[in-house]
Colleague: 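For reference, the structure I am asking about is given below.
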Amino acid sequence: MSTPPPRVRFAPSPTGYLHVGGARTALFNWLYARAHGGTFVLRIEDTDAARNTPAAQAAIVDGLRWLGIDWDEGPEQNGPHAPYYQSQRGPIYDAYFQKLVDADHTYTEPNGAVRFRSPKKTIVLHDQICGDINIDRSEEPDMTIRRPDGSYIFHFVNVVDDIEMAISHVIRGEDHIYNTGKHIELFQAFGATPPVYAHIPLILNPDGSKMSKRDQGAALSYYIDHAFLPQAVANYLCLLGWSPKDDREILTMEEIQPLFRWENIGHSNAKFDLEKCRWLNAQYLAKLDAPSFDHLAIAWLLAQPTPLPGTDDPRLREVLPLIQPKIKAIPELAEHLPMLFDGAAPIADDARAKLAAQPALAPRLATLLSYLENLSDWSAASIQAAVAAAAAALAIKPGALLFPLRVLTTGQAHGVDLLPALEWLGRTEALPRLHARAAALTATST
RNA sequence: GACCCUUUCGUCUAACGGUUAGGACACGACCCUUUCACGGUUGUAAUACGGGUUCGAUUCCCGUAGGGGUCGCCA
C-alpha cells in the first residue's frame, strides 16, 4: 500500500527574528518533505497584530532562504491553500468557529471570550520520536479559542490551518508536546484525523538554559551578519539532535535527506556549541573558491560600521587568499587586516615576550636586515634564501630567524604565511617597517 | 508544586544484551615544517546513582537524583 506524499509545514510567528531552534525545526521539516517527495509549506502565524511587522516577516523569509530552505507553498510562493498569512485568513476561521458553535463545543465567558468545551479525557499521543504519551486532559481548564475582540487563539488557528492545508505531519519542538493534547481535541471536534506528530528535542545554551533572543548565536541573523557559510550552519544545526549514525559530520543537505528518519533523531536536548559551529564553518570556508571567498569577505568588510585597514586598498584582493586558510569565520579579518596593512601597528605583548627569550636578538636582527637590504629580487623565494644566508652567517637554523621576522613584519606572533606576506607587502613597504620594529624591539629589550 | 520528556567524555554524538565503550569540537603532547597555521599521530576525559531481570547490562524494568519542558484571553 502506498501512502500519499507528506505535507509538512513550518509555522513561525513573526517576532522580529528567527531563532536557531526555529531554523532547525524548519530545516527538519524541509528535510522530511524533500526526503519523501512531499510538500513543505511556510505559514506565517501573525495573529498578533502588535508584533507583526514587515521587518519581522523579512527576518523569517530571508533567514530561511539564506539557509537554503525553499518552500513549495507560502509567502511569495502561493499555492492552492493561499493565503499563507494567518492575518489574512479571517473568513476561514470564522467558518470553522461556527462549526464548533453549531456543534455546541463552545461556550462564552461573561467578558465575551469563547472557550472550547473539552471532553476532559486522556489523549494518547503516538509521537514518532517520544513514543506514546498519555496526556490527561480531565483536570485542565477549557482552552480559550477566541478573544473578546473576536481574534482567535493560536491553538484554534493552528489546527484549522493544519486541516485546511492538509498537513500530514507536524514536526515541531518538544515545548509543544502538551499543546498537542489540546490540538487533538480540536481535530476530533472537527471530525478530522490528527496529523502524525514528531516532537524534536530542544536546543539549549551551553549552560543548559533556554536560548533567548539576546544569547550570542541564538538568532540566525548572527550567522548572516558574521558572514558564516549557510551550508556550514545548516550542517551544524542538523548535527544537533540528528545523527547519520556513523562517524561523518560534514554532510550536504543532499546527503542528509535520505538519512533523515525518525530513528536518527535524538531524544534529549542539545547544548549549542558555537566553537564547533565555527570549526565546521572553517571546513567549508577552506573549500571555497577564491572568487566566492573574496565576495564574502568584501561584502562583510563593506558592511562594517568602522572600515578596517585595507578595505579600500587595491592590494586587498591579493592578500585575501593568504588569509582564507587561516580563519574559521570571516570576522577574523578584523585581526588579520590591521597587522597586514598597518606598518605602525604596535608589537603585541605575547610576541614581544616570546622574542625576549631569544639570545642575541639585536645582532641577529641586524644581520638579518642587512641581508634583506641587499636583496635585489623581493620574492618569497629570494627572501627565503636571504634568511637562510643570514642564518648560515650566524651559525643558527633559519627557523630561528623566521619568528623574529614575522614579528617585525606584522607585530604579531600569529598570522598568515610569512614569506608570501612579505612578498605581497613589497620591498619599499616592508623594509621600513622591519627596521622600525627592530629598533623598537632592541631599544626596549636591553 | 503537578504532569510529561530526558540522562554515554566539558560539548555534539556512536554503540538498538557480549566492544580495550568509537568519532568529532575543545584542551595537552609529539611528528611534519622555514615562521604562523593546516595536516598526521597521540593523550586526558563518559555510561548520574541504587536496585532488579539475565550466564552477561551503556543497552531491558523499577526507584532516586540531575537537566529540560508544560501548566495563558503568547505563539
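Every heavy atom of this structure was used, including side-chain atoms; hydrogens, water molecules and symmetry mates were not. Per chain, numbering begins at 1; letters A, B, ... match sequence-line order.
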Colleague: Tabulate below the donor-acceptor pairs under 3.5 Å that side-chain atoms of residues 375-382 of chain A make, not counting sequence neighbours, or state none.
Modeller:
| residue | atom | partner | partner atom | Å |
| --- | --- | --- | --- | --- |
| A:D377 | OD2 | A:S379 | OG | 2.9 |
| A:D377 | OD2 | A:S382 | OG | 2.4 |
| A:W378 | NE1 | A:L422 | O | 2.9 |
| A:S379 | OG | A:S382 | N | 3.2 |
| A:S379 | OG | A:S382 | OG | 2.9 |
| A:S382 | OG | A:D377 | O | 3.0 |

Colleague: Mind telling me whether A:F341 and A:W424 have parallel, tilted or perpendicular rings, with 30° and 60° as the class edges?
Modeller: perpendicular
Colleague: Between A:T47 and B:A75, is there a side-chain N or O to OP1/OP2 distance below 4.0 Å?
Modeller: yes
Colleague: CD1 of A:I200 versus C1' of B:G68: gap in Å, rounded?
Modeller: 15 Å
Colleague: Going by ring-ring contact (aromatic ring centres under 6.0 Å, His included), name the residues that satisfy it together with A:Y236, two or more places apart in sequence or in a different chain.
Modeller: A:F272
Colleague: Considering Watson-Crick and G-U wobble pairs with both distances under 3.5 Å, what does B:C3 pair with?
Modeller: B:G69
Colleague: Which atoms of nucleotides 24-28 of chain B (N or O only) lie under 3.5 Å from a protein N or O atom, and what are those distances?
Modeller:
| residue | atom | partner | partner atom | Å |
| --- | --- | --- | --- | --- |
| B:A24 | O4' | A:E249 | OE1 | 3.2 |
| B:A24 | O2' | A:E249 | OE1 | 2.3 |
| B:A24 | O2' | A:K276 | NZ | 3.0 |
| B:A24 | N3 | A:K276 | NZ | 3.0 |
| B:A26 | OP1 | A:K328 | NZ | 2.7 |

Colleague: Got a donor-acceptor pair under 3.5 Å from the side chain of A:K326 to the base of B:C36?
Modeller: yes
Colleague: Return the pairing partner of B:U64 with a 3.5 Å limit on both distances, Watson-Crick or G-U wobble; otherwise return none.
Modeller: B:A48
Colleague: What is the distance, to the nearest angstrom, from the NE2 atom on A:H414 to the P atom on B:C38?
Modeller: 11 Å
Colleague: Could I get the full list of side-chain hydrogen bond (donor to acceptor under 3.5 Å, both in side chains) partners for A:H105, not counting sequence neighbours?
Modeller: none
Colleague: Does A:P148 reach a base, just sugar-phosphate, or nothing at all? Heavy atoms under 4.0 Å.
Modeller: base
Colleague: Give each protein N/O atom lying under 3.5 Å from an N/O atom of nucleotides 29-34 of chain B, with the pair distance.
Modeller:
| residue | atom | partner | partner atom | Å |
| --- | --- | --- | --- | --- |
| B:U34 | O4 | A:Q384 | OE1 | 3.1 |

Colleague: Can you tell me how far P of B:C73 sits from CZ of A:F116, to the nearest Å?
Modeller: 15 Å
Colleague: Of the non-hydrogen atoms in A:L251 and A:P244, which two are nearest, and what is the gap between them?
Modeller: CD1-CG, 3.9 Å
Colleague: Quick one: sort the A:W242 and A:F260 rings into parallel, tilted or perpendicular, breaks at 30° and 60°.
Modeller: parallel
Colleague: In this structure, how many angstroms lie between the C1' atom of B:C12 and the CG atom of A:N205, rounded?
Modeller: 15 Å
Colleague: With both distances kept under 3.5 Å, what pairs with B:C38, Watson-Crick or G-U wobble?
Modeller: none
Colleague: Rounding to a whole Å, what distance do you find between A:M211:CE and B:G68:C1'?
Modeller: 15 Å
Colleague: For A:H336 and A:V416, which heavy atoms make the closest approach, and how far apart are they?
Modeller: ND1-CG1, 3.7 Å
Colleague: Rounded to whole angstroms, how far apart are CG on A:L18 and P on B:A75?
Modeller: 18 Å
Colleague: Under 3.5 Å, which protein N or O atoms sit close to an N or O of nucleotides 69-72 of chain B? Give each pair with its distance.
Modeller:
none

